Amino acid sequence: MKTKVGLWIDHQKAVVMVITAKGEAMKLIISKAQKQLRRSGDSPLKGSYDPHHVPAEDSRQRAFTGHLNIFYDAVIAAIRDAEAIWIFGPGEAKNELKKRLKKNGLAGQIVGLEAVDKMTDSQVAAKVRKHYPR
């Protein structure tokens, strides 16, 4: 039996389920990417913010992109040996990962892309088992 992967992903986390002849394994990969970075300085209850306490938009975007790159690299490292990769999840993360997989020469292993809402880990496992029946 070849290694098959079902992957639920958004910008906060990835739930990777690997199915091999030896059985199943589930891995959770957490992203440190945050769209809204916190401001430094006092709390609003203690006083007002100065403009220099708010990071510039371009630096926030660079930080967000940098964290996403690290996150996607970790996901790719976890699924690199798979012969079949099925990606599903809400939002744009699945499409962004697909582009990264193509850049890494793994586009041939992608067997599908599906838009789904947020899911629990057990729902992800059930969906992957249904997609890859034994």
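These numbers come from a predicted model, not from an experiment.
Exactly one of V18, V128, I87, I110 qualifies for a side chain to side chain contact (heavy atoms under 4.5 Å, CB included) with L7. That residue is I87.
Taking all atoms of both residues into account, the shortest heavy-atom contact from M17 to A125 is SD-CA, 3.3 Å. Taking all atoms of both residues into account, the shortest heavy-atom contact from G89 to K94 is O-NZ, 2.9 Å. When all heavy atoms of G105 and Q109 are compared, the closest pair comes out as O-OE1, 4.2 Å. Closest heavy-atom contact between I29 and A78: CD1-CB, 3.9 Å. Between Y72 and I9, the shortest heavy-atom contact is CE2-CD1, 3.9 Å.
Y132 places no side-chain N or O within donor-acceptor distance of the main-chain N or O of G6, the cut-off being under 3.5 Å. Not a single donor-acceptor pair under 3.5 Å links the side chain of N104 to the backbone N or O of L106.
A salt bridge is defined here as a Lys NZ or Arg NE, NH1 or NH2 lying under 4.0 Å from an Asp or Glu carboxylate O, and D121 with K27 fails to meet this definition.
Donor-acceptor pairing under 3.5 Å is lacking for the side chains of E92 and H11.
Taking hydrophobic clusters as Ile, Leu, Val, Met, Phe, Trp and Tyr residues chained together by side-chain heavy-atom distances below 4.5 Å, M26 shares a cluster with W86.
A ring-centre distance under 6.0 Å is not found for H131 and F88.
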